[in-house]
Protein chains: 2
Amino acid sequence: MAKAKVAVNGYGTIGKRVADAVRAQDDMEVVGISKTKPNYEAAVAHQMGYDIYCPAENIGAFEKAGMPAAGSIEEMLEKSDLVVDCTPGGVGEKNKPMYEKIGLKAIWQGGESHPIAGFSFNAASNYEEAVGRDLTRVVSCNTTGLCRVITPIDRKLGIKKVRAAITRRAVDPNDIKKGPVNAIVLHPVKIPSHHGPDVQSVLSHINITTTALVVPTTLMHLHTVNMDVNTDCTAEDVKEIFSSQSRIRFIGDGITSTAEIIEVARDIGRPRNDMWENCVWTESITVTEKEIYFFMAIHQESITIPENVDAIRAMMELESDGMKSIEKTNKSLGM
Amino acid sequence: MAKAKVAVNGYGTIGKRVADAVRAQDDMEVVGISKTKPNYEAAVAHQMGYDIYCPAENIGAFEKAGMPAAGSIEEMLEKSDLVVDCTPGGVGEKNKPMYEKIGLKAIWQGGESHPIAGFSFNAASNYEEAVGRDLTRVVSCNTTGLCRVITPIDRKLGIKKVRAAITRRAVDPNDIKKGPVNAIVLHPVKIPSHHGPDVQSVLSHINITTTALVVPTTLMHLHTVNMDVNTDCTAEDVKEIFSSQSRIRFIGDGITSTAEIIEVARDIGRPRNDMWENCVWTESITVTEKEIYFFMAIHQESITIPENVDAIRAMMELESDGMKSIEKTNKSLGM
């Protein structure tokens, strides 16, 4: 089977990781990545051997900066079977006509809203529905994290209600412009936060309320999750359900923080210290009267990356079985 | 009526605020404050005209540092009717025999455990039970904050269950030794945190589960509170209940963070930018199917201060009506 030709439009936090992850697969390849300006991230992409495409008017600037572009963004798209749009939230919407014009399959990220594709994706929840699709939205990091724990619990125990208090990292590690530096910020003040409805864009039958705070840290988000379920169960049952999920990682060994999880990612040689799995603290799993509690950490920069790979595989009909795609993606990334 | 003579044993974050608050009352006075060493806080206390008492063996050191002590801690206690123990958590326990020996009434802070006094205090919840008592423990900042919102809701609507996700400030603003600087720390990993059981030390009939995280900020704690109640109600009903509580302050006007609340405290001239009230975001109050949600911020350094004053007033039988004591304390502090 010919490899799927993938364009990565936008090469920031998500785009660079999607490009590397696609490169690691044997059934797909990166046609190129796009960058608007020849900045330090473009320089690294050039060093890593990616073909860089840019807006036609900036080709001279890239030439001058010593990282000649392979062509315009339109040229990149024309060579491709599918584009993964990793541009900043809201920009993806503007790119849609360009993809439609050349009949290109397209994946957007969670920064865009559900209607852009009419279908929101999480590998563990609805892989099969993505098979052969032209347009898909991979939900955001927090929503991905929630879907990964909600789906298996719902299938085994039946979920009545989910309540999740999300404590968000303020900015990504490379962001030098924003804060907060010393405050807890309600984001938003109104309840629920957008994450609950966003989970429902994947799992429409789930009753969920989420709240969100922003705190001065860059490493990971932290979810305090509470679920009312229909079936009597123990903490051991919940652990068993989670242990069947290859993208849920148990945290123990005295780790009490996001900083120590990232140190583990560094120690085990993960690229960019990425932690693709939901990190659930085993000891935090608590059950009282059909009510489950646990803490989980979500690495905002990387958790949706395997989902993007799976979405490509489904849309390109390279694999019809979600479990097999998840396994293949995990293995190729070294998970 | 003679003023109650109050010793403040320990002059750190809580002790200095208790001393100032007692000083602001017309029915009680500060006999003195205790300090172990002549550090910068002792120097300020000396400037502010407090009589400083210290361990007998350190009297020379205070003399030498230009802030002569008025005597030993035992001498301070012997001149007093009541001691407010504001020593670090765990030290108060060791001081108990010294207080008992001279038959002194004593108040401890939330850093000690409930059995030290056999009675845990919150003015809005159980003032009347403190009247005439010899030993009382004023519960910690987070527990005080929770009791202040739980009691009025429980009295009006009946509480079935409380769930509170507490996001804690890492350290107080003057702490230069500890962190975290860039991490979210589970504190503890196990669920529930100690706050739930601590609320039950005041309100034994309340079904409550709490969780706690520590984040890199110094200003305030932030509670995401969820309550199942027995009675149908609206967000307006909850607001009305809260507005009847003088120690609940509504937050609005576009404020979305703890930093802006502290800026308000600075702007309105609060001593040390203290915010003695629970700060509840009006817009966050949400009710769906007998389930209430809201965000509240708790100023860890100051929220228990009015409660200490009320506890003194009850124990010394200066006022038998809790509402009247609360009103008197609030007015004297300028709340």
Side-chain angles (χ1 to χ4, degrees), chain A residues 161 163-170 173 179-192 207 209-226 251-252 254-263 281-289 291-295 297, chain B residues 161 163-170 173 179-192 207 209-226 251-252 254-263 281-289 291-295 297:
Chain A
K161 166 111 205 180
R163 302 174 191 89
I166 303 176
T167 305
R168 303 180 64 180
R169 63 87 183 91
V181 171
N182 185 19
I184 300 172
V185 183
L186 282 57
H187 194 78
V189 172
K190 284 198 181 172
I191 295 170
N207 181 359
T209 304
T210 53
T211 58
L213 303 175
V214 172
V215 300
T217 173
T218 63
L219 303 177
M220 302 180 88
H221 301 302
L222 203 299
H223 292 215
T224 306
V225 185
N226 170 240
I251 301 297
I255 289 179
T256 66
S257 73
T258 53
E260 294 154 294
I261 292 176
I262 295 299
E263 188 69 1
W281 271 268
T282 319
E283 211 187 1
S284 74
I285 300 171
T286 306
V287 181
T288 339
E289 292 172 7
E291 207 175 326
I292 301 170
Y293 280 95
F294 59 91
F295 288 119
Chain B
K161 166 109 205 183
R163 302 174 191 89
I166 303 176
T167 305
R168 305 180 63 179
R169 64 85 183 92
V181 170
N182 184 21
I184 301 172
V185 182
L186 281 59
H187 195 79
V189 173
K190 283 198 182 174
I191 295 170
N207 181 359
T209 304
T210 53
T211 58
L213 303 176
V214 172
V215 300
T217 173
T218 63
L219 303 176
M220 302 179 88
H221 301 301
L222 202 299
H223 292 215
T224 306
V225 185
N226 170 241
I251 300 298
I255 288 179
T256 66
S257 73
T258 53
E260 294 154 293
I261 293 176
I262 294 299
E263 188 70 1
W281 271 267
T282 319
E283 212 188 359
S284 74
I285 301 172
T286 307
V287 181
T288 339
E289 293 172 6
E291 206 174 326
I292 302 170
Y293 279 95
F294 59 91
F295 288 119

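Just so you know, these numbers use all the heavy atoms, side chains as well, and skip hydrogens, waters and symmetry mates. Letters go in sequence order (proteins before strands), and every chain restarts at 1. Just so you know, these numbers come straight off a predicted model, no measurement behind them.
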Item to check | Side chains of B:Thr218 and A:Asn182 in contact at under 4.5 Å (non-hydrogen atoms) | outcome: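 Result yes, sub-4.5 Å side-chain heavy-atom pair found.
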Tell me, for [X] versus chain B, whether the close heavy atoms (under 4.5 Å) come from the side chain, the backbone, both or neither.
X        : result
A:Pro180 : neither
A:Leu213 : side chain
A:Ile255 : backbone
A:Val214 : neither

From [X] atom [atom1] to [Y] atom [atom2], the distance as rounded to the nearest 0.5 Å:
X        : Y        : atom1 : atom2 : answer
B:Ile191 : A:Tyr293 : CD1   : OH    : 8.0 Å
B:Leu186 : A:Glu260 : CG    : CD    : 9.5 Å
B:Asn226 : A:Asn226 : CG    : CG    : 7.5 Å
B:Arg168 : A:Ile184 : CZ    : CD1   : 11.0 Å
B:Thr288 : A:Asn207 : OG1   : CG    : 9.0 Å

So which part of [X] gets closer than 4.5 Å to some heavy atom of chain A, the side chain, the backbone, both or neither?
X        : value
B:Thr167 : both
B:Thr224 : side chain
B:Ala212 : backbone
B:Val189 : both
B:Ile262 : neither
B:Pro192 : neither

Item to check | Contact leader toward chain A among B:Ile261, B:Thr209, B:Ile251, where contacts are heavy-atom pairs under 4.5 Å | outcome: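 So the answer, after comparing B:Ile261, B:Thr209, B:Ile251, is B:Thr209.
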Checklist entry - Does any N or O in the side chain of B:Thr256 come within less than 3.5 Å of the main-chain N or O of A:Val185, such that one atom is a donor and the other an acceptor? => result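 No; judged by distance alone, with no hydrogens or angles, the pair does not exist.
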Next on the checklist: Take a 6.0 Å sphere around NZ of B:Lys190 and say whether it holds more than 12 heavy atoms from other residues, nucleotides or ligands.
Outcome noted: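 No, the 6.0 Å shell around NZ holds no more than 12 heavy atoms from other groups.
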Item to check | Top of A:Ala170, A:Ala297, A:Ala165, A:Ala183 for chain B proximity - count of heavy-atom pairs under 4.5 angstrom | outcome: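 Of the candidates given, the most pairs with chain B belong to A:Ala183.
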